[in-house]
Every structure is written in structure tokens, then in C-alpha cells.
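Read through the structure below, which is laid out as C-alpha cells, and then see the notes.
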Amino acid sequence: MVSVLQQSKHSQAGKGNGATGTDDPRLKRVRNIGIIAHIDAGKTTTTERMLFYAGSVHKMGEVHDGTAVMDWMDQERERGITITSAAITCQWDNHQINIIDTPGHVDFTIEVERSLRVLDGAVGVFCGVGGVQPQSETVWKQANRYGVPRVAYINKMDRMGADFERVVMDIEAKLDSVPVVVCMPVGAEDSFSGIIDLVNMQAIRFDESSLGAKINLEAIPAELAAHAEKARAALIEKVAEFDDALLNAFLESADVPVDVLKAAIRRATVSGGVVPVLCGSSLKNKGVQQLLDAVTAYLPSPLDVRVIEGEDPKTNAPVRRDPSSNEPLSALAFKVASDPYVGRLVFTRVYSGRLKKGQSFYNPRTKQRSRVTGLVRLSANQREDIDELQAGEIGAVVGAKTLTTGDTLCAENAQIELMRINFPEPVMFMAVEPKSRTDRDSLDLALASMASEDPTCHVRKDEETGQTILSGMGELHLEVLVDRMMREYNVEANTGKPMVAYHETAMSDGTASHVFDREFNGSRQTAGVTLSLSPLARKAGTKIDVTCSSATIPKDFLKAVREGVNDGLFTGVLARYPVTDVEVRVTTMDVDPEFSTEAAFRTAAVLAFRDAFMKASPELLEPIMALEIVTPAESMGEVMGDLNSRRGKVVEMDAREDSQIIHARVPLAELFGYSTAIRSLTRGRASYTLEPESLDVVPKGLKDELLSR
């Protein structure tokens, strides 16, 4: 795991590889962290306790009461889930901790993706009963992709069925990580009463009358002393594999000093070698202070990221920046939000330099210079006006209409373009139309605003039906988008039934030519295009290569051909679904100096693409979901029979006490209404989770049905 993390992080930030700038001492005490987990693991409750103990709030908010500070949207409070990532700042042990609480529901995974892109560390929250669940694995892989060091917090140790050691083994086996236990529980379920700090070798009890704010340090209970000694030895042994200084200290004396062990754990965590594991019960106010201590002690500061790497937008040559406020500006816009009071807000992480109110910055994507009209620091839905953001800080730029998610803000005389953010493709769509003609413009404005905020929300017009199509990551995502239209934008709309977002692809090579030669309004327009296409691997997307580029062909014609191919990819050929996983190469363009036009070339490119695609063994692709079902053993037969009827394929099955866990692959099209079906089959005793896994070719029978619609 170490080499994977280090390689990933070096591609983003070159950790520890020769920074030469002057370190800003202030940055040593800054922590930019995210709270990541499966839905219902207790992320928001944990964050609320962190804020309470840090003094940022004076009363604990509760998710089940709809009073959580971090769940500020009406939809979040009504559903009891996190929908949008919320940022807040608190102080702990003379450190500034910038926290982003991310959603756990798979429909809002983009919020996790873009948050992890700009964070230096993360806290993975795991349910002491559920362990490593599907979305836990998804967010962990996202953190791996960006090389984000983590600590793990095993929550809900007071719940029936909580098993600390099993969850630790889950983290090691399922997440391919090296967990090192720094805190172990005293008891479990109803008997969970405190924790043992293995670094300082002391027991910690929590005063219930002060909501856990007061803690009592005690000697380790005699019946747990031997187990604690063994656990501390295992901790030292694992960390020493990644840290020579600790190994040498251990060889000198088995009783390793606390400061030496802490420093070694920090180095091993920052390098991605180990994951410190803590435990507690956030709802019962136990263990959260120790989690805050671990954040400041083990997770990296912006200085630990060291050199930030990007590209020169003009030459594509590598460019580096030190994480210092004295360096030229480099910052990343990672989220766009609409605020009813100040308008458009662009969440931004500053990597180097300073971003000041009134200052101008350069956007390499648009090649435009813009001015910062205002800056705010966000605390959930509260705003604090500030004059500047320094290196290592996260805030929001007011206005900035040309900025979108993934854009770089830099100095025009020292340009750099940072790595952009990966966005998953939507898997469902629905038709949307205004209830009255007068609402048409308002609907278009609302949809455009939501699409600019959420890169997984796509809006398009169906050329044949004239309908507006809204696409998203699932039924809940679409439901929330429609709800926001009514509440935030006051737009009443009629919506169609949610449908699966199929795709089209080619299974073989295809080549075609098309000559467009027509007369419009007495003016002849002509153009000829020859192109070929080839299949790509799944999830590769699309590529367009205009290989015939030369000085003799006007750039406007080249652009028109590229736009025409894009039109063909976007609108599809078989059944008007977008085309994916193909590469298109334009090899010949026939230009008539007198009669060729941009419109002619665009049309010729679309028609040539359609002809080539139909020669390339076209197929339809459907989204396949990874489905995990936790069901009572006595309901296994009914659940398995239902899966088979839904074209599901069981991947593996696990037994956990009196429950069975089924891992299966099921087409999304077969899962409409599944929540009702599973409740009926198991009398409400089963639970399930879904996440997108792949795109597979649809069976011939379904293909014929879709093409006949």
C-alpha cells in the first residue's frame, strides 16, 4: 500500500521531494481533513461532537432531530442524511482544523471525490457492527487515488453486535491497509465504558454528566493489562516496519518513549504506510476527544504535502510550487454553490501564495483574467467575510462566474494548471418540463444553475422530442434535484418516470465517408469527411483525433468537424443514448475553397460518424450495480430467488453471526422498487446498499425491446 499511496501523492503534490521555499510556521498547525464513511456510520454525529468539544458550538446537534450544524439543507434534515459536503473550522490543542463532512450515500459520491482532491488528510468512520461496507470501500479507493493519509475511527462500540477486532481485520483485508490500533475499547455493546490509550498506556473514562467533556485518566484495569501490553507491542512492531528511527529505539529498549512512538506513528501515517485506529461511541459522547488528538498528532499539515505539481498550460511542462504564502498563487476551485444572500460561491483550496480580496487571478482553462470581489470562510451555511486566504487554507470566492469545478486560479505571470477532478457519469435520467409556459425560462435557469454546481447533474435537450432531460446518479439524486428546483428556485415542474441511462458503444472497427453537398437559399454548401472509429476499454470514455490537421485546412473547419463528431457521440445512433468507450479518428477532409462552410463540415462529420458507427458492431450498454444485502439466514432462499429473477449474479456470500451477507452484480434496470421488495421478502429485517460498478452489454432480448421503443 505504501508504494501506491506515495506514487499517487507524488503525482499530485510531490510529498517530501525537495521543497526549497520558506516554510510558513503557521501552516504546521493547520489540518485540512475530511470525514468519510458509508451511510449511517455516524460521520455527521462524530463531526458534531468534534465541534462541541472544540468549542465551535455550544450545543450538540443531532442528525435524528434535524438539528445537526453540518446538515443545514432542508432535504438533509428531513431525510437524516448528508447530501452536500459542508465545511467548518474549529480550534483544538492550538491547531486550526478545517473539517469537511462528506455524504455517505452513493448518489452523492462526487461530493467525496472533490473534497478528497483538496484535503491533506481524512478520518474514515466505520460502524462497529457493520464494519467495512460497500461505500466504505468506495471512499477509501477515492482517498487512495489522491494519496490522502487517514486515521480510522470505529464508531458505535455501544451497539449490539459491535466487534472491534473484526472491524480492524476488515480494514486490513478489504481495504488493503495496515491498521495500527492506538486505542482499544474497554468492553463492548452494553458494557462499553471507555477506551485504553495504547500510546500513553492509560485507561480513559468519560464523565456522562458533562456529556463526555470531562475525562478521567485511570490505570489500565488489571484484567486488561496483559492484553494492552500485547497490543502495544503489536503497535510498535507494525509501525517499526515503516520507520527506522522507531526500530532503533525499540532495539535499544522495549519500553519506547511516548514522544518517540507518536513521532513514528505520524511519519508512517503521513507516508501512507499505516492507518492509526481509534474507537468510541459518538452518540454516547465517548472517544471523540481522542480522535481530535489523533487528527492533530498524526495527520499531515499543508507543509507535509510539500511540493505541489502541475503543468504549464502553454507548454505542458511540469511546474512546481512550494506550499508557502510567499510563492506565486496556485489554487483549485473544487465546488460551486449558490448562496441566497451573496450569490455564487466557489469553494477554493489555496496551495501556494495568497488570494486577496480585490486581487486578479488567471484561469488557464478559459485563458481569462478575473477579479476577486469577495472572500468568505464557510462554517456549514454560515459565512465570515475575510480579506485573504493564505497557502493551506480553504474558503470561497464570491461571484467568479467563469470558474467551474476543477479550474485552477493562478498568477498570469507564473501560470500553472493543477490536476483536475474525475467525475462519474450519471446512471439515471428523467424528463422535466415546466407546469406552465411562463415557467420555461425559470426552469432553464434553475437547471443550468444546479448543473454548474453539480458536475454529476447533466441537462440536455432531446432533439427529436424537444424534451428537457435531467440526468443524475440515482433516484435519490434526481428526487433531491427536483425538490431543490421547487424550494430554492420556486419552479414547479412536471417530471417523467426515472429511467436508466443506457449508453451505446462499438465492438469492432468501422470506417465511413460522407460528402455533404446542398443548396440553401440559393447558396451551395459542400464538405467531405472520412473518419474511422475503434472500440476502447470500458470506462475509457471517448477520444477524438483530427489526424488530417494541416496548415491548408482552416482552423474553423477543423473545429467544426470536431464539434460534429461530438454531436454524434452525444446524441447516439442506435437509440439516442450517448456513445462511450470509442476513439474517432478523422483522416480526410475535402475542402472546396469556394463552397465549403463550417456548417457543411459539422453536418458531414455527424453523418460520417453515424455511418461508421453502424459498421462497427454497435451495442447498447447498461449500468451494473454492486449490491450488498444483509439478510437473516432464514430469508436467504427468498432473497436469492428474487435476485435471480432480476438477472443478478452472486459474487460471494459471507456469514456474520445470525445474518448472511450477499454480494451480487445486478443491472440497475432491474432494481426499481427494490427497497419495497426486500422489505416484503424479509419482513423488514434486511438491508442493502448499492454502488455503480460497470457498464455491460445488454442481452439481445432487452436490446431489441429498447430499439423498438
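We're numbering straight along the sequence, starting at 1.
- Using a cut-off of 4.0 Å between Lys/Arg side-chain N and Asp/Glu carboxylate O, Arg349 and Asp120 are scored as salt-bridged.
- Side-chain N or O atoms of Arg602 include none that pairs as donor or acceptor with a backbone N or O of Arg562 at under 3.5 Å.
- Side chain to side chain, Thr511 and Lys615 fail the donor-acceptor criterion of an N or O pair below 3.5 Å.
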Query raised in the report: Are Glu634 and Gln660 close enough, and set up right, to give a side-chain contact (heavy atoms from CB on, under 4.5 Å), and what steps lead you there?
Result: CA-CA 9 Å; Glu634 60 266 27; Gln660 292 287 328; over 6 Å; no
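- Atom CD of Glu165 has 12 or fewer heavy atoms from other residues, nucleotides or ligands within 6.0 Å.
- Remark: side-chain polar atoms of Thr269 are not paired, donor with acceptor, to backbone N or O of Leu299 under 3.5 angstrom.
- Between Leu643 and Ala664, the shortest heavy-atom contact is CD1-CB, 4.2 Å.
- Of the possible donor and acceptor atoms, none in the side chain of Ser449 sits under 3.5 Å from a partner among the backbone N and O of Ala446.
- Distance alone, capped at 3.5 Å, is enough to place a donor-acceptor pair between the Thr47 side chain and the Lys43 backbone.
- For the pairing with Arg150, the side chain to side chain contact (heavy atoms under 4.5 Å, CB included) check across Ile171, Asn144, Val123 returns one residue only, Asn144.
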Query - Test log, rule side-chain contact (heavy atoms from CB on, under 4.5 Å), inputs Phe609 and Leu533 - result: CA-CA 8 Å; Phe609 169 80; Leu533 59 83; 3.9 Å; yes
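- A salt bridge links Asp407 to Arg420: at least one charged side-chain nitrogen sits closer than 4.0 Å to a carboxylate oxygen.
- Two residues are said to be in side-chain contact when any heavy atoms from C-beta on lie closer than 4.5 Å; Val582 and Leu536 fail this criterion.
- Using modelled atom types and a 3.5 Å distance limit, the side chains of Ser694 and Arg665 yield a donor-acceptor pair.
- Counting non-hydrogen atoms of neighbouring residues, nucleotides and ligands closer than 6.0 angstrom, the NZ atom of Lys461 exceeds 12 such neighbours.
- Here the OH atom belonging to Tyr674 is positioned 5.5 Å from the CG atom belonging to Asp642, to the nearest 0.5 angstrom.
- In this structure, the side chain of Ser177 engages the main chain of Leu175 through a donor-acceptor pair within 3.5 Å.
- No side-chain heavy atom of Thr542 sits under 4.5 Å from any side-chain heavy atom of Val584.
- A 4.5 Å side-chain heavy-atom check between Thr505 and Arg538 finds at least one atom pair inside the cut-off.
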Requested in this report: Check the pair Val565 / Val586 against side-chain contact (heavy atoms from CB on, under 4.5 Å), numbers first and verdict last.
Outcome: CA-CA 9 Å; Val565 174; Val586 180; 4.2 Å; yes
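- Across every non-hydrogen atom of Ser282 and Thr45, the tightest pair is CB-CG2, 4.0 Å.
- Taking 4.0 Å as the cut-off between side-chain N and carboxylate O, Glu453 and Arg484 count as a salt-bridged pair.
- The side-chain heavy atoms of Pro578 and Leu569, taken from C-beta on, include no pair separated by under 4.5 Å.
- Below 30°, between 30° and 60°, or above 60°: for Phe347 and Phe334 the angle between ring planes is above 60°, a perpendicular geometry.
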**Report entry** Lys700 vs Glu705, salt bridge (charged side-chain N to carboxylate O under 4.0 Å, His left out): CA-CA, chis, key distance, verdict
**Finding:** CA-CA 9 Å; Lys700 185 179 186 305; Glu705 179 186 337; over 6 Å; no
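- Of all heavy-atom pairs spanning Pro434 and Asn494, the tightest one is O-ND2, 4.1 Å.
- In terms of heavy atoms, Gly128 sits closest to Met157 at CA-SD, 4.5 Å.
- With rounding to the nearest 0.5 angstrom, the CG atom of Leu332 is 5.5 Å from the CG atom of Leu418.
- Of the possible polar contacts, none joining the Thr456 side chain to the Pro426 backbone as a donor-acceptor pair under 3.5 Å is found.
- Note that CG of Leu621 and NE2 of His503 are 8.0 Å apart. Values are rounded to the nearest 0.5 Å.
- Arg585 and Ser534 form a side-chain donor-acceptor contact under 3.5 Å, judged by distance and modelled atom types alone.
- Taking 4.5 Å as the limit, every side-chain heavy atom of Arg685 sits out of range of all side-chain heavy atoms of Arg679.
- Evaluation of the ring pair (Phe, Tyr, Trp, His ring centres under 6.0 Å) rule for Phe164 yields no partner, not counting sequence neighbours.
- Panel note: side chain Arg145, backbone Arg117; no donor-acceptor pair is recorded below 3.5 Å.
- Looking at Cys127 and Gln133, their side chains come closer than 4.5 Å, going by heavy atoms from C-beta outward.
- Between Phe126 and Tyr153, the distance from one ring center to the other does not fall under 6.0 angstrom.
- Atoms CD and CD1, on Glu670 and Ile624 in that order, are 9.5 Å from each other to the nearest 0.5 Å.
- To the nearest 0.5 Å, atoms CD1 (Ile661) and NE2 (His663) are separated by 5.5 Å.
- Of the possible donor and acceptor atoms, none in the side chain of Ser635 sits under 3.5 Å from a partner among the backbone N and O of Thr631.
- The pair Lys703-Glu504 does not count as a salt bridge, with every side-chain nitrogen at least 4.0 angstrom from each carboxylate oxygen.
- Listed by chain and number, the residues in a ring pair (Phe, Tyr, Trp, His ring centres under 6.0 Å) with Tyr577 are Tyr502 (sequence neighbours excluded).
- Under the 4.5 Å side-chain criterion, counting only non-hydrogen atoms from C-beta, Met485 is not in contact with Leu481.
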Report task. With side-chain contact (heavy atoms from CB on, under 4.5 Å) as the test, would you mind laying out the steps for Ile629 and Ile678 before giving the verdict? Result -> CA-CA 9 Å; Ile629 307 168; Ile678 194 73; 4.1 Å; yes
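- With Asn155 contributing its side chain and Ala41 its backbone, the two residues share a donor-acceptor pair below 3.5 Å.
- Nearest heavy-atom pair across Ala616 and Gly510 is CB-N, 3.9 Å.
- Under the 4.5 Å side-chain criterion, counting only non-hydrogen atoms from C-beta, Glu479 is not in contact with Val482.
- Taking each heavy atom of Arg646 and Phe672 in turn, the nearest pair found is NH1-O, 4.1 Å.
- In terms of modelled atom types and a separation under 3.5 Å, the side chain of Asp581 and the main chain of Lys539 share a donor-acceptor contact.
- Taken from CG in Leu447 to CG in Leu445, the straight-line distance is 9.0 Å, to the nearest 0.5 Å.
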